[in-house]
Amino acid sequence: MNYKTLTLTLLLGLATHTSLQAEEMMHHEGHEMSQTGEMSEQGAMVMTKGVITRLDEGSGKVGIRHEAIANLKMPPMTMVFVAANPALIKGLKVGDAVRFHAENQSGKLTLTALQQQ
């Protein structure tokens, strides 16, 4: 019985110590790491280079042959995106070089920013 009590006490102590240690690691100079991560994602919009391969202003879709998209962990390829705002793709034509930012919004790859080069 003493052995069980001792084991339980040690396990609870270890669990408490591990939990406190993990909480300390999440704080860096008084800032929570989760808050810092969110600010970095919102503050730094990663732009990707690409070339327009297909354009359908009516449906708001645009095909782009692109470099790797870092924020989506996507290798270079050609694919179709939906423009979050139809004004993003107005005036573009097939063959135009662009820089863009895409996000996965509800399962749809969506252009949220686009600049003609």
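FYI, the numbering just counts along the sequence from 1.
- A 4.5 Å side-chain heavy-atom check between H101 and L111 finds every atom pair outside the cut-off.
- Of all heavy-atom pairs between A70 and V46, the closest is CB-CG1, 4.4 Å.
- For residues 77-106, the pairs satisfying salt bridge (charged side-chain N to carboxylate O under 4.0 Å, His left out) are E57-K90, K93-D96, with sequence neighbours left out.
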Please test M74 against L109 for side chain to side chain contact (heavy atoms under 4.5 Å, CB included), starting from the C-alpha separation and ending with a verdict.
CA-CA 11 Å; M74 187 177 294; L109 295 175; 3.8 Å; yes
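- Hydrophobic cluster membership differs between V80 and M77, with clusters built from Ile, Leu, Val, Met, Phe, Trp and Tyr side chains linked at under 4.5 angstrom.
- Here the CD-CD1 distance, from Q116 to I52, works out to 8.5 Å after rounding to the nearest 0.5 Å.
- Contact check for T53 versus V94: no side-chain heavy atoms found under the 4.5 Å cut-off.
- For residues 65-79, no pair satisfies side chain to side chain donor-acceptor pair (under 3.5 Å), with sequence neighbours left out.
- L114 and L72 fall within a single hydrophobic cluster, where Ile, Leu, Val, Met, Phe, Trp and Tyr side chains are chained together by heavy-atom contacts under 4.5 Å.
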Stepwise side chain to side chain contact (heavy atoms under 4.5 Å, CB included) test for R54 and V62
CA-CA 6 Å; R54 184 176 139 201; V62 59; over 6 Å; no
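- With sequence neighbours excluded, no residue satisfies side-chain hydrogen bond (donor to acceptor under 3.5 Å, both in side chains) with T112.
- N104 is not listed as a side-chain neighbour of T110, based on a closest heavy-atom distance of 4.5 Å or more.
- Hydrophobic clustering, with ILVMFWY side chains joined whenever heavy atoms are under 4.5 angstrom apart, keeps L92 apart from V82.
- Residue M47 holds its CE atom at 9.0 Å from CZ of F100, rounded to the nearest 0.5 Å.
- Using a 4.5 Å cut-off on side-chain heavy atoms (C-beta onward), V51 and V98 make no contact.
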